[in-house]
Amino acid sequence: MTAAPSPNPQPPFDQELYGLVLDTAPRLFAVVQVCDEGRADADGWVVAWGLADHAGSTHVISIDGRARLTLASPERALRHYPEQPGISTRLVWLAQPAAAAMDRAEAA
């Protein structure tokens, strides 16, 4: 993946760093639970956030911060948030980042 062009020209080394960051960035996902899926009054909520690296190693932290997991794959997170009657659990992936910046405000 290549770094998106910036409106302000960056030194070549910074562009290389941006590309490196984008190429090695972990994937971000949410563990969500859905109640009454398929019905008009269905509801859903996020129970945890996870990071998965390119090798599959995964780190998950619950919304309240009390549970932290290191797992072999993102799908294993589903075992720690089991489905219950009327409640399903799934992963929702965020899109892969397309740009990088050195400045926090510029990245927002």
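All residue numbers in this chain count up from 1 along the given sequence. Note: hydrogens, waters and symmetry copies are ignored here, and every other heavy atom, side chains too, is used.
Identified under the side-chain hydrogen bond (donor to acceptor under 3.5 Å, both in side chains) test for residues 39-61, with sequence neighbours left out: Q33-W45, R39-D41, H59-T70.
Two residues are said to be in side-chain contact when any heavy atoms from C-beta on lie closer than 4.5 Å; R76 and S73 meet this criterion. At a threshold of 4.5 Å between non-hydrogen side-chain atoms, the residues T89 and V32 do not count as touching. Under the 4.5 Å side-chain criterion, counting only non-hydrogen atoms from C-beta, E83 is not in contact with R90. At least one side-chain heavy atom of L91 sits less than 4.5 Å from a side-chain heavy atom of L78. Side-chain contact between V60 and F29 is present, with heavy atoms from C-beta onward closer than 4.5 Å.
Among all heavy-atom pairs drawn from Y81 and A67, the shortest one is OH-CB, 4.3 Å. The two residues P97 and L22 come nearest to each other via the heavy atoms O-CD2, 3.9 Å. Nearest approach of G56 to P74, heavy atoms of both residues: O-CD, 3.9 Å. Taking every heavy atom of both residues into account, S62 and A48 meet most closely at CA-CB, 3.8 Å.
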Practice item. For the pair V31 and V46, evaluate side-chain contact (heavy atoms from CB on, under 4.5 Å) and give the outcome as yes or no after the intermediate values. Key: CA-CA 6 Å; V31 180; V46 176; over 6 Å; no
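Under a 4.5 Å side-chain heavy-atom criterion applied to ILVMFWY residues, the cluster that includes V34 comprises that residue alone.
Hydrophobic clustering (side-chain heavy atoms under 4.5 Å, transitive across Ile, Leu, Val, Met, Phe, Trp, Tyr) groups L28 together with V92. In the hydrophobic clustering of this structure, V47 groups with L71; members are Ile, Leu, Val, Met, Phe, Trp, Tyr whose side-chain heavy atoms approach within less than 4.5 Å, directly or through other members.
Evaluation of the side-chain hydrogen bond (donor to acceptor under 3.5 Å, both in side chains) rule for R27 yields Q96 as partners, not counting sequence neighbours.
Distance check, rounded to the nearest 0.5 Å: SG of C35 to CD of Q84 gives 9.5 Å.
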